[in-house]
Amino acid sequence: MAKLSAIRGFHDSTGDILERIERVEAVARKTLEFACYEPIRLPIVEHSEVFLRGVGHSSDIVQKEMYTFEDASGRSLTLRPEGTAGFIRAYLEHGLYKERPVCKYCYSGPMFRHERPQKGRLRQFHQVGAEAMGVSDPCLDAELITLADRTLRSLGLGEFEIHLNSIGCEACREPFKQDLVAFLQKNCTMLCEDCRQRIVLNPLRVFDCKVCKEAIEKAPVMLEHLCQECLEHFQAVKACLSAFGVDVNINPRIVRGLDYYNRTTFEIYPEEGGAQSVLVAGGRYDGLVETMGGPPTAGIGFALGVERVAERLQQKEKKPDLGVEKPSLAVIALGEQEKPALCRVLTKLWDAGTSAMPVWGPQGLKAKLRFVDKRGFRYALFPSDAGRMILKDMQAGSQSEGPSAETGWIMAHIHTL
RNA sequence: GUGAGUGUAGCUCAGUGGCAGAGCACAGGGUUGUGGCCCCUGUGGCCGAGGGUUCAAUCCCCUCCACUCACCCCA
């Protein structure tokens with residue numbers, strides 16, 4: 001029989017790596033909830049239409065990266081490739097927009113994309129998402145960026161850069177696209193093959209290209225062709241960020257991959273590193289709710305890549321932060337006779353709120369002590385029904401004795417250091 | 001989807017067309033029921049899978065699979 005293995009791009013996590021991942025999730029969630037974003041838990045599987053309509057047919061995600069399958073009744077279902085579309089579905093389904101004109105939510109969990117895995121890219125990965133609905137006020141754009149910034153700072157994540165752009169609205173983007181296409185066609189010989197195709201498919205994306213940097217240096221830039229309203233919005237976002245004390249780089253090359261964005265887009269990168277290292281990305285999506293069958297509603301959100309931030313933390317934290325040494329206790333049964341005594345003592349310890357690891361097994365004392373020592377336990381307790389039992393301090397090499405009938409003396413020893 | 005690299009012990013990796021190796025880990029002993037340091041010993045392998053060349057393949061050739069990295073794209 002073939003050996004069982006995890007699916008490609010789906011990882012098991014333990015130890016330090018898991019600790020960091022959970023820390024990133026916890027800190028991000030706490031930062032958002034502290035800022036009064038309400039937690040929401042969303043399904044991992046949705047009807048495929050949710051993503052077809054929400055993410056947009058033309059995106060790569062929908063075209064080739066979705067885990068789509070049929071359930072027993074023949075409905076087409078999809079493992080969520082991102083969070084926003086499912087969130088908007090819930091927002092509409094439960095009429096959240098009727099309940100309150102303004103609402104803010106945060107969530108976290110796994111996302112799935114069928115891409116070729118590589119560094120910083122998994123098929124199952126995890127995001128923490130934040131969405132703020134119902135207000136087009138530029139302060140909200142700034143608020144969200146600030147929260148992403150605060151999350152990364154709380155984690156102690158060294159240096160990172162926030163890149164900010166505006167990709168305008170439909171009104172100003174269409175005329176601009178025509179200008180851009182004209183420029184690209186004129187300079188078509190300087191472009192790579194991919195970019196020549198982008199002229200037709202999605203001209204804005206040439207700004208993402210790494211090889212054509214020189215060729216497009218003189219290309220017209222959306223930021224300089226914003227309509228009056230979009231320009232005012234963008235300037236207000238910058239002003240508000242400045243009031244928040246958050247520094248950003250204006251980067252006209254930030255063009256998001258998903259169809260639904262308008263106006264504000266932003267990405268956060270570590271100081272060095274390429275496209276794969278985007279830690280947080282987000283933007284405004286004022287037309288999305290309407291696209292998905294709801295009333296016109298402003299919205300903005302971001303997603304934080306948990307594994308990417310955790311990976312970055314690992315590079316920064318040379319040694320895992322052990323913190324204050326915790327008293328740790330192993331309870332060792334020497335042989336068969338001591339097992340009932342172990343059960344009784346262990347129950348008392350756990351009931352009293354003292355963490356302890358039971359050690360039973362066929363090994364000799366030497367092996368058991370080595371086992372406990374290797375795992376860094378400070379104390380070993382040898383329970384017994386015969387009147388008294390022994391507590392050994394592995395670090396000091398000393399032993400104490402106390403009555404088997406009670407455990408108070410053990411706790412006193414452990415906590416009096 | 002495209003390109004490159006790597007698959008040998010639980011882990012990290014050497015190695016050779018002719019008996020399969022080290023370090024770490026694990027187990028036992030030295031110390032007859034007291035850990036760490038030291039010493040000795042032991043367990044552990046379809047050398048990724050299938051086919052081909054050869055007297056003989058873990059090694060050379062082909063195919064497949066997996067992993068890693070990069071492209072594309074994205075968090």
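Letters go in sequence order (proteins before strands), and every chain restarts at 1.
At a threshold of 4.0 angstrom between heavy atoms, the contacts of Leu304(A) with the nucleic acid are absent. Within 4.0 Å of Val306(A), counting heavy atoms only, lies no atom of the nucleic acid at all. At a threshold of 4.0 angstrom between heavy atoms, the contacts of Glu65(A) are confined to the sugar-phosphate backbone, with no base atom among them.
Shown here for Val359(A) and Ala330(A), the closest heavy-atom pair between the two residues is CG2-CB, 4.2 Å. Considering all non-hydrogen atoms of both residues, His413(A) and Tyr379(A) come closest at O-OH, 4.0 Å. Here the shortest heavy-atom pairing between Ile414(A) and Leu329(A) reads CD1-CD2, 3.7 Å.
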Base contacts versus sugar-phosphate-only contacts with protein, heavy atoms under 4.0 Å: please encode nucleotides 1-10 of chain B as B, S and - from 5' to 3'.
BBB-------
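A search for salt bridge (Lys or Arg N to Asp or Glu O under 4.0 Å) contacts involving Arg153(A) returns Asp149(A), not counting sequence neighbours. The salt bridge (Lys or Arg N to Asp or Glu O under 4.0 Å) check on Glu401(A) picks up Arg388(A), with sequence neighbours excluded. When the side-chain hydrogen bond (donor to acceptor under 3.5 Å, both in side chains) test is applied to Asp247(A), no partner is found at least two apart in sequence or on another chain. Scored by the salt bridge (Lys or Arg N to Asp or Glu O under 4.0 Å) test, Glu311(A) finds Lys119(A) as partners (sequence neighbours excluded). Applying the salt bridge (Lys or Arg N to Asp or Glu O under 4.0 Å) rule to Glu115(A) yields the partners Arg121(A); only residues at least two apart in sequence or on another chain are considered.
The distance from atom NZ of Lys119(A) to atom P of A70(B) is 7 Å, rounded to the nearest whole Å. Straight-line distance from the CZ atom of Arg123(A) to the C1' atom of A66(B): 12 Å, rounded to whole Å. Phe10(A) has its CZ atom 13 Å from the P atom of U68(B), to the nearest Å.
Every pair tested for ring-ring contact (aromatic ring centres under 6.0 Å, His included) that includes a residue from residues 118-142 of chain A fails, sequence neighbours excluded, so the list is empty. Every pair passing side-chain hydrogen bond (donor to acceptor under 3.5 Å, both in side chains) that includes a residue from residues 132-147 of chain A is listed here, sequence neighbours excluded: Tyr37(A)-Glu143(A), Lys104(A)-Glu143(A), Asp141(A)-His233(A), Asp141(A)-Thr264(A), Asp141(A)-Arg284(A). Under the side-chain hydrogen bond (donor to acceptor under 3.5 Å, both in side chains) criterion, the residue pairs touching residues 157-176 of chain A are Glu161(A)-His163(A), His163(A)-Asn251(A), with sequence neighbours excluded.
For the side chain to side chain contact (heavy atoms under 4.5 Å, CB included) criterion with Val309(A), the lone passing option out of Val27(A), Leu155(A), Ile21(A) is Leu155(A).
In terms of position along RNA chain B, the nucleotide closest to Leu369(A) lies nearer the 5' end than the nucleotide closest to the other residue of the pair Arg8(A) and Leu369(A). For Gly335(A) and Lys64(A), each mapped to the nucleotide of RNA chain B holding its nearest heavy atom, the one lying further toward the 5' end belongs to Gly335(A).
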Dot-bracket summary - RNA chain B, pairs being Watson-Crick or G-U whose distances fall under 3.5 Å, with | when paired to another strand
(((((((..((((....[..)))).(((((.......))))).....(((((..]....))))))))))))....
Pairs under 3.5 Å (N/O, protein and nucleotides 42-49 of chain B):
none

Quick test: give all pairs of protein nitrogen or oxygen and nucleotides 25-31 of chain B nitrogen or oxygen below 3.5 Å, distance rounded to 0.1 Å.
unit_1 : atom_1 : unit_2    : atom_2 : d
C26(B) : OP2    : Lys374(A) : NZ     : 3.0

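OP1 or OP2 of U68(B) sits under 4.0 Å from a side-chain N or O of His11(A). Close to A70(B), at under 4.0 Å from its OP1 or OP2, lies a side-chain N or O of Gln118(A).
With a 4.5 Å cut-off on side-chain heavy atoms, Met222(A) and Cys172(A) count as touching.
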